[in-house]
Amino acid sequence: VGEQSDAALQLETNNPDPTSFTIDLSGSGIESNLTSVGSATDFGSVEVGEQATSDAGFENVGEVETTITNASITGSDQFNIDTTSLPLPVTDTTSLPVSFSPTGDGEMTGTLTVTTSDGSTASLPLSGSGAGSDIRLASSQLSFTGTPLNNETTAGLQIDNYGSAALDLTDIRITGAEADQFTVANTPQSIAPDGTGQVSVSFTPTEGGTQQATLVIDSNDPDEPTRE
């Protein structure tokens, strides 16, 4: 297909002069030729839990109309292709919607490959990065040893955001049987990427002995939405 083919047709007859005839034959087949429009599709930075959509373009630079019959993505499963429009005729250019829905932080890549009804294929690299928050607590325990009755002692807990998106603290509370002996103040609502926040916890004992409670922090961290 696409190349010149030559042959000859020879006829033998009972004609006395000449007894045979030769006819030269030639022809060439035409085919589609699918190529991607652009060298790659980059979704950029997308927050974890969100979705971005982009059109992947393809052009038929061949000499005959064709139809896209299959589309698939290899690599990261965070990329998805909408195949509801297939089969899709291609006489000039067309596009397929591709979505990127990161569930984690970091760079991700894939390859979109489409196939036509006459066997032509084309591929397009895909890339994107997930932007998510990542909460880290500087300490797993706050101690208020030696606090006199009805006096207040305050301690701070450092909260770090190791992620690439803002860490939103949606709720900070104290739970447990003796939660009324503790209070929380100065709670940051949002911590920038690579930033640090501080939570102040106060202890005001009204009776002697060991008092215990649990500090609970809810945030938009996709892996650890609740820390204690």
Side-chain angles (χ1 to χ4, degrees), residues 1-3 28-136 160-170 190-195 217-227:
V1 177
E3 296 182 357
S28 62
I30 59 175
E31 63 180 345
S32 66
N33 184 7
L34 201 66
T35 63
S36 61
V37 178
S39 58
T41 296
D42 184 6
F43 289 87
S45 180
V46 179
E47 285 201 24
V48 173
E50 300 295 326
Q51 182 183 85
T53 302
S54 180
D55 288 331
F58 294 91
E59 181 180 7
N60 180 12
V61 296
E63 298 175 284
V64 65
E65 179 179 336
T66 190
T67 299
I68 296 177
T69 55
N70 185 60
S72 60
I73 295 176
T74 56
S76 173
D77 61 1
Q78 312 294 289
F79 299 98
N80 291 283
I81 178 73
D82 183 2
T83 60
T84 57
S85 59
L86 300 181
L88 183 65
V90 184
T91 55
D92 187 12
T93 60
T94 192
S95 60
L96 292 171
V98 181
S99 61
F100 175 52
S101 307
T103 58
D105 207 21
E107 296 285 338
M108 301 168 200
T109 59
T111 300
L112 168 63
T113 301
V114 297
T115 305
T116 66
S117 55
D118 56 358
S120 179
T121 62
S123 297
L124 186 68
L126 307 173
S127 62
S129 60
S133 58
D134 185 7
I135 189 172
R136 303 288 180 89
D160 298 312
N161 180 12
Y162 279 50
S164 56
L167 173 65
D168 296 326
L169 305 179
T170 56
S190 183
I191 301 174
D194 297 322
I217 303 173
D218 293 335
S219 73
N220 64 340
D221 184 315
D223 300 318
E224 299 178 289
T226 300
R227 287 294 303 270

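The structure places CD1 of Ile81 at 7.5 Å from CG of Leu86, a figure rounded to the nearest 0.5 Å. The line from CD of Glu224 to CZ of Arg136 is 8.0 Å long, rounded to the nearest 0.5 Å. Interatomic distance, OG1 of Thr109 versus CD of Gln78, reported as 11.0 Å (0.5 Å rounding). Separating the CG atom in Leu112 from the CZ atom in Phe58 is a distance of 4.5 Å, to the nearest 0.5 Å. Atom-to-atom distance recorded for Thr83:OG1 and Ile68:CD1 is 12.0 Å, nearest 0.5 angstrom. In this structure, Ser45 OG and Glu50 CD are separated by 11.5 Å, a value rounded to the nearest 0.5 Å.
Closest heavy-atom contact between Ala131 and Asp105: CA-OD1, 3.5 Å. Here the shortest heavy-atom pairing between Val114 and Ala71 reads CG1-CB, 3.8 Å. Nearest heavy atom pair, residue Thr66 against residue Ser117, reads OG1-OG, 3.6 Å. Taking both residues in full, the closest heavy atoms of Ser36 and Gly38 are given as OG-O, 3.2 Å, listed atom of the first, atom of the second, then distance. Between Asp160 and Leu167, the shortest heavy-atom contact is O-CD2, 4.2 Å. Nearest heavy atom pair, residue Ala52 against residue Phe43, reads O-CE2, 3.6 Å.
At distances below 3.5 Å, not a single donor-acceptor pair connects side-chain atoms of Asp168 with backbone N or O atoms of Thr170. With hydrogens and angles ignored, the 3.5 Å screen pairs no side-chain donor or acceptor of Ser164 with any backbone N or O of Pro193. When atom types are taken as modelled, the side chain of Thr41 and the backbone of Ala56 share no donor-acceptor pair closer than 3.5 angstrom. In this structure a side-chain-to-backbone donor-acceptor pair under 3.5 Å is missing from Asp55 to Ser95. Although no hydrogens or angles enter the test, the distance criterion places no donor-acceptor pair under 3.5 Å between the side chain of Asn80 and the main chain of Ser99.
Ser127 and Asp42 are linked by a side-chain donor-acceptor pair at a separation below 3.5 angstrom, with hydrogens and angles left out of the test. With hydrogens and angles left out, the side-chain atoms of Ser133 and Asp221 include no donor and acceptor closer than 3.5 Å. There is a side-chain donor-acceptor pair under 3.5 Å between Thr84 and Asp82.
With sequence neighbours excluded, no residue forms a side chain to side chain donor-acceptor pair (under 3.5 Å) with Thr121. In this view, Thr53 satisfies the side chain to side chain donor-acceptor pair (under 3.5 Å) rule with no residue, not counting sequence neighbours. For Thr111, the side chain to side chain donor-acceptor pair (under 3.5 Å) criterion is met by no residue, not counting sequence neighbours.
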Chi angles and distances behind the side-chain contact (heavy atoms from CB on, under 4.5 Å) call for Ile135, Ile191: CA-CA 9 Å; Ile135 189 172; Ile191 301 174; over 6 Å; no
Verdict with supporting geometry, Asp134 and Asp223, side-chain contact (heavy atoms from CB on, under 4.5 Å): CA-CA 8 Å; Asp134 185 7; Asp223 300 318; 5.7 Å; no
Test log, rule side-chain contact (heavy atoms from CB on, under 4.5 Å), inputs Val98 and Ser54: CA-CA 5 Å; Val98 181; Ser54 180; 5.6 Å; no
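The shortest side-chain heavy-atom distance between Arg227 and Ser219 does not fall under the 4.5 Å cut-off.
Ring planes of Phe100 and Phe79: parallel class, angle under 30° (limits at 30 and 60°).
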